[in-house]
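Just below is one structure, and these are the notes that go with it.
Whatever order the structure lists them in is the order used to number ligands and atoms, beginning at 1. For this chain, numbers begin at 1 and follow the sequence in order. Source: prediction; values computed, not measured.
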Amino acid sequence: MRWAQITDIGLVRSLNEDSLCVSPEIGLFAVADGMGGHLAGEVASVTALQMLEQVLAKRLQKREGPEQALIAAVQEANRKIFELASRNQQWAGMGTTITACLKREKVIYIAQVGDSRAYLLRENLIVQLTEDHSLVRELVRNGGLTEEQALHHPQRNVLTRALGTAPSLNVDIYHHEISPGDLLLLCTDGLTGYLRPDEIMLTIRTSPDLDRAARSLVDKALGSGGKDNITVILLEI
Ligand code: MN
């Protein structure tokens with residue numbers, strides 16, 4: 001299994017509240033984008049991915065099915081963050097997105113909450129595998145906004161679902177068959193807020209290897225403003 005990973009603070013923020021998790025032993029790859037002041041966003045995203053990895057490893061060991069194990073692990077991470085936020089004044093209101101991929105032989109399972117994303121690249125196609133839980137996404141779905149308007153909307157960062165903000169949580173789960181040569185991209189909105197899918201595709205396809213592709217994606221987001229933290233995992237399938 002080959003992959004590349006980068007998390008970058010961006011050009012404006014004083015903290016990187018994004019986190020990533022790479023655990024090839026269990027086939028887990030995940031990104032999380034935390035929010036909340038006073039380090040709370042970082043606490044939320046780090047906690048989410050630590051809990052995800054721990055709980056998932058335990059449940060998979062007990063031969064639980066991948067979808068069930070993923071959902072349970074994300075829900076447990078949610079409870080943990082909610083609990084930390086309830087007990088600590090300085091962390092009140094913290095939350096995080098999560099986009100987690102569990103890779104099996106011929107299938108990937110993806111758990112999704114928030115507006116980080118998973119894309120599958122196959123030959124010259126790039127397909128977004130996840131749906132954002134965001135206000136602008138709802139507006140696009142209802143026909144109130146175009147995709148282009150959504151990209152520049154002042155409330156584009158408002159989430160309709162996140163880990164840590166309520167004691168229980170609905171987790172979207174997807175599964176996709178994969179073929180050799182496919183590439184999976186997991187990323188936070190610090191990338192997708194600046195690069196369209198066709199630009200992402202072109203950048204990756206014109207890079208000589210995974211590491212340089214990931215670097216080039218981050219550099220392009222930085223070159224287009226880079227106001228947010230940027231996190232990218234590229235996984236060769
Ligand atoms: Mn972000």
Please say whether more than 12 non-hydrogen atoms of neighbouring residues, nucleotides or ligands are located less than 6.0 Å from CZ in R104. yes

I'd like to know: is the Mn ion (ligand 1) within the 2.8 Å range of an N/O/S atom from D115, strictly under that distance? no

Can you confirm whether K103 is buried at NZ, in the sense that more than 12 heavy atoms of other residues, nucleotides or ligands lie under 6.0 Å from that atom? yes

Any N/O/S atom from D228 (main chain or side chain) under 2.8 Å of the Mn ion (ligand 1)? yes

Closest to the Mn ion (ligand 1), which N/O/S atom of D189 is it? OD1

For the Mn ion (ligand 1), decide whether E17 has an N, O or S atom at a distance under 2.8 Å. no

Nearest atoms (heavy-atom pairs only) where G164 meets I81: CA-CG2, 3.7 Å

If you consider just the N/O/S atoms, which atom of D33 is the closest one to the Mn ion (ligand 1)? OD2

Treating Ile, Leu, Val, Met, Phe, Trp and Tyr as nodes and any side-chain heavy-atom pair under 4.5 angstrom as an edge, say whether L52 and V46 lie in one connected cluster. no

Neighbour count >12 (heavy atoms, 6.0 Å) for atom CG, N124: no

